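Sharing a structure below in structure tokens format, with a few things to ask.
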Amino acid sequence: MIDLRLLREDPDTVRASQRARGDNEGLVDAVLAADERRRASLAEFERTRAEQKALGKQVASATPETRPHLLAQTKALAEQVKSLEADARAADVELTDLSTRIDNVVEPEAPVGGEDDYTVLREVGAPRDFAAEGFTPKDHVELGERLGAIDLDRGAKVSGARFYFLTGVGARLELALLMCAVDQAVAAGFSPVITPTLVKPEVMRGTGFLGAHSDEIYHLPADDLYLVGTSEVALAGYHSDEVVDLSQGPKRYAGWSACYRREAGSHGKDTRGIIRVHQFHKVEMFSYCRVEEARDEHQRLLAWEEEMLAKVEIPYRVIDVAAGDLGSSAARKFDCEAWVPTQGRYREVTSTSNCTTYQARRLNVREKDPREGVTSNRFVATLNGTLATTRWIVAILENHQQPDGSVLVPKALQPYMGGLDVLTPVR
RNA sequence: GGAGGCGUCGCCUAGUCCGGUCUAUGGCGCCCGCCUGCUAAGCGGGUUUGGGUCUUAAAGCCCAUCGCGGGUUCAAAUCCCGCCGCCUCCGCCA
């Protein structure tokens, strides 16, 4: 949901944002017109309603002679009020409908353009030179199968394409990775949370996931519930319809959940292995903070992601995602992409978004306005960022493999695997 | 799955049977002021939220808001219907 006040006072900023995203600029004027209509029809309704209330009060104390006349008058007014109220409501629906089509206003520094127009901010760590080491790296599927870590055949047998079993050291590796992420988050002051993975429509809508990409989301029609694609959804809904206290700093949560994605638009993409799957696990950072603090908080989330990537000792790069690829909620987004040796390219393993007040508006998350002399409430900013997911296993296996098919366990994860420092092939 | 009870302004609470005097009572907490060596007490005032309007801004005025959504009525916290949540009991499953 866009800030209507901003739209009224500074429509050019919103137009520029629409342009950067490659979205319809004309929508801005359509919303302005609808806003005008809504306010006019609301004023008309409220004026008439006030008249009706005043007159209605007289009925109670009217004398038997004046009562019939008053009743006739007020009856007619009641009719009018009813129809004016319907008008006002229709105008409001129209405004909401139009204004929710405008995605969050992008930060001016975000690169303009679409998916391929990202900017590379930095590359960290050097990819291994397997040729120099004298062997050809195996991909995560082959490594995973030989280690007895990933069972794709049985995943397909039981649940279909893009499902898998993590077994033995694979299961332990995922648990280790996620526990390590939770511990890092807790050390940084986050509250760990295990969230529901089924949410109501209004929460899913509030986070901005039911827009253009709603076919990515699993829906259970019998119960009208949605399966979340990330715990961000549940954590954004966590404080919905609340006034939160941010006087002691941001409220930070580390959500642990299963994540479900239909991958409807990606037939044929990443069909091999566990890079793109229907179900995986993730530890997600989520922060509620004051609008003035959101940009700094975004940088902090990114830094925590990089801290976690350093722990698993994987080369990666950081990209500044272009405006057209932000999704509806984000004003700015940074992805960390890990080096995948057998693909010879970087693949997304984290993503952090500054959603400013966009989600908070839709989910009604506010704080007491801390500014001097202001007594009302105002919307907060929400941000999220990935701390670890199942997909990281791909990068860990491939980057730390040995010529014999064994895989070295990153130091930081060893304590979480009972001290195990190397995964050895079982076949 | 079945039966019953409850849901009022941060918390507690009056009001609901029998519609208008509810502009929602009172207490606690909180805020401001007065008074007082200090503190406490006492006294006075304020204290739901959202929107509209006016204004540089504030104040003011108006509308909505008694779990949510409909309905009846000139008029709904109050009457009717549906839903949600919590509690108690019964049944079923683990």
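A, B, ... follow the sequence lines: proteins, then strands. Residue 1 opens every chain. Keep in mind that what you see is a predicted model, and the values were worked out from it rather than measured.
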Task: Pairwise P distance, B/C90 and B/A75 [rounded to whole Å] - done: 46 Å
Open item on the list: Applying a 4.0 Å non-hydrogen cut-off, can you work out what A/Q52 is touching in the nucleic acid: base, sugar-phosphate, or nothing?
Closed with: sugar-phosphate
- [ ] Could you work out the separation of B/C22 and B/G15 based on their P atoms and round it to a whole Å?
- [x] 15 Å
Open item on the list: Closest-nucleotide mapping onto RNA chain B: is A/A78 or A/K200 further toward the 5' terminus? I mean the 5' end.
Closed with: A/A78
Open item on the list: Does this structure show an ion pair linking A/D245 with A/K251, if we count only N-O contacts that are shorter than 4.0 Å?
Closed with: no
Task: A/E263 and A/R162 ion-paired at < 4.0 Å - done: no
- [ ] Find the partner of B/U88: check Watson-Crick (N1-N3 plus N6-O4 or O6-N4) and G-U wobble (N1-O2, O6-N3) distances, both under 3.5 Å, and reply none if neither fits.
- [x] B/A3
Task: Residues A/E174 and A/K282 bridged, charged N to O under 4.0 Å - done: no
TODO: Using only side-chain N and O atoms of A/K53, determine if any of them is under 4.0 Å from OP1 or OP2 of B/A64.
DONE: yes
Open item on the list: Can you check the distance between B/U78 and B/U73, where both ends of the measurement are the P atom (answer in whole Å)?
Closed with: 16 Å
- [ ] Find the partner of B/G82: check Watson-Crick (N1-N3 plus N6-O4 or O6-N4) and G-U wobble (N1-O2, O6-N3) distances, both under 3.5 Å, and reply none if neither fits.
- [x] B/C68
Open item on the list: So that I can tick it off, tell me whether A/R89 and A/E85 are bridged by a salt bridge, with the cut-off set at under 4.0 angstrom between side-chain N and carboxylate O.
Closed with: yes
- [ ] Return the value, rounded to whole Å, for the distance between atom CG of A/L77 and atom P of B/A75.
- [x] 10 Å
Open item on the list: Measuring from atom CD1 of A/I396 to atom CG of A/L177, what distance do you get when rounded to the nearest 0.5 angstrom?
Closed with: 5.0 Å
TODO: Could you state the atom-to-atom distance from NZ of A/K75 to P of B/U73 in whole Å?
DONE: 8 Å
Atom pairs, protein N/O to nucleotides 48-52 of chain B N/O, distance under 3.5 Å:
| from | atom 1 | to | atom 2 | distance (Å) |
| --- | --- | --- | --- | --- |
| B/U49 | O3' | A/R366 | NH1 | 2.9 |
| B/G50 | OP1 | A/R366 | NH1 | 2.4 |
| B/G50 | OP1 | A/N377 | ND2 | 3.3 |
| B/G51 | O2' | A/R38 | NH2 | 3.4 |
| B/G51 | N2 | A/E46 | OE1 | 3.2 |
| B/G51 | N2 | A/E46 | OE2 | 3.4 |

Do any side-chain atoms of residues 45-57 of chain A form donor-acceptor pairs under 3.5 angstrom with protein atoms, and if so which ones, sequence neighbours left out?
| from | atom 1 | to | atom 2 | distance (Å) |
| --- | --- | --- | --- | --- |
| A/T48 | OG1 | A/E44 | O | 2.8 |
| A/R49 | NH1 | A/Q52 | OE1 | 2.8 |

Task: For A/T13, side chain to side chain donor-acceptor pair (under 3.5 Å) partners two or more places apart - done: A/D10
Open item on the list: Please confirm whether the ring centroid of A/F286 lies under 6.0 Å from the ring centroid of A/H239.
Closed with: no
Open item on the list: My understanding is that only residues two or more places apart in sequence, or in another chain, count here; which of them pass side-chain contact (heavy atoms from CB on, under 4.5 Å) with A/R361?
Closed with: A/M1, A/D3, A/T357, A/F379
Open item on the list: Applying the Watson-Crick and G-U wobble criteria at under 3.5 Å, what pairs with B/U48? Answer none if nothing qualifies.
Closed with: none
TODO: Using the P atoms only, state how far B/C17 lies from B/C81, rounded to an integer number of Å.
DONE: 14 Å
Open item on the list: Does the structure show a Watson-Crick or G-U wobble partner for B/C17, both distances under 3.5 Å? Name it, or say none.
Closed with: none
Task: Counter-base of B/U56, judged by Watson-Crick or G-U geometry with both distances under 3.5 Å - done: none
Task: Atom pair distance, as rounded to whole Å: CD in A/E79 and C1' in B/A75 - done: 14 Å
Task: P atoms of B/C63 and B/G44, separation to the nearest Å - done: 31 Å
TODO: For B/C9 and B/A77, measure between their P atoms and round to the nearest Å.
DONE: 14 Å
Task: 5'-most by nearest nucleotide on RNA chain B - A/R47 or A/T74 - done: A/R47
Task: Pairwise C1' distance for B/G50 and B/C93, with rounding to whole Å - done: 45 Å
- [ ] Would you list the pairs meeting ring pair (Phe, Tyr, Trp, His ring centres under 6.0 Å) in which at least one residue belongs to residues 140-199 of chain A, sequence neighbours left out?
- [x] A/F163-A/H278, A/F190-A/W304
Open item on the list: Expressed as a whole number of angstroms, how long is the span from A/F45:CZ to B/C63:P?
Closed with: 10 Å
Open item on the list: Salt bridge or not between A/E292 and A/R378? Use side-chain N to carboxylate O under 4.0 Å.
Closed with: yes
Open item on the list: Between B/U39 and B/C54, how many Å separate the two C1' atoms, rounded to a whole number?
Closed with: 46 Å
Using nucleotides 65-71 of chain B, report all nitrogen or oxygen pairs with the protein that are shorter than 3.5 Å.
| from | atom 1 | to | atom 2 | distance (Å) |
| --- | --- | --- | --- | --- |
| B/G70 | OP1 | A/R89 | NH1 | 2.7 |

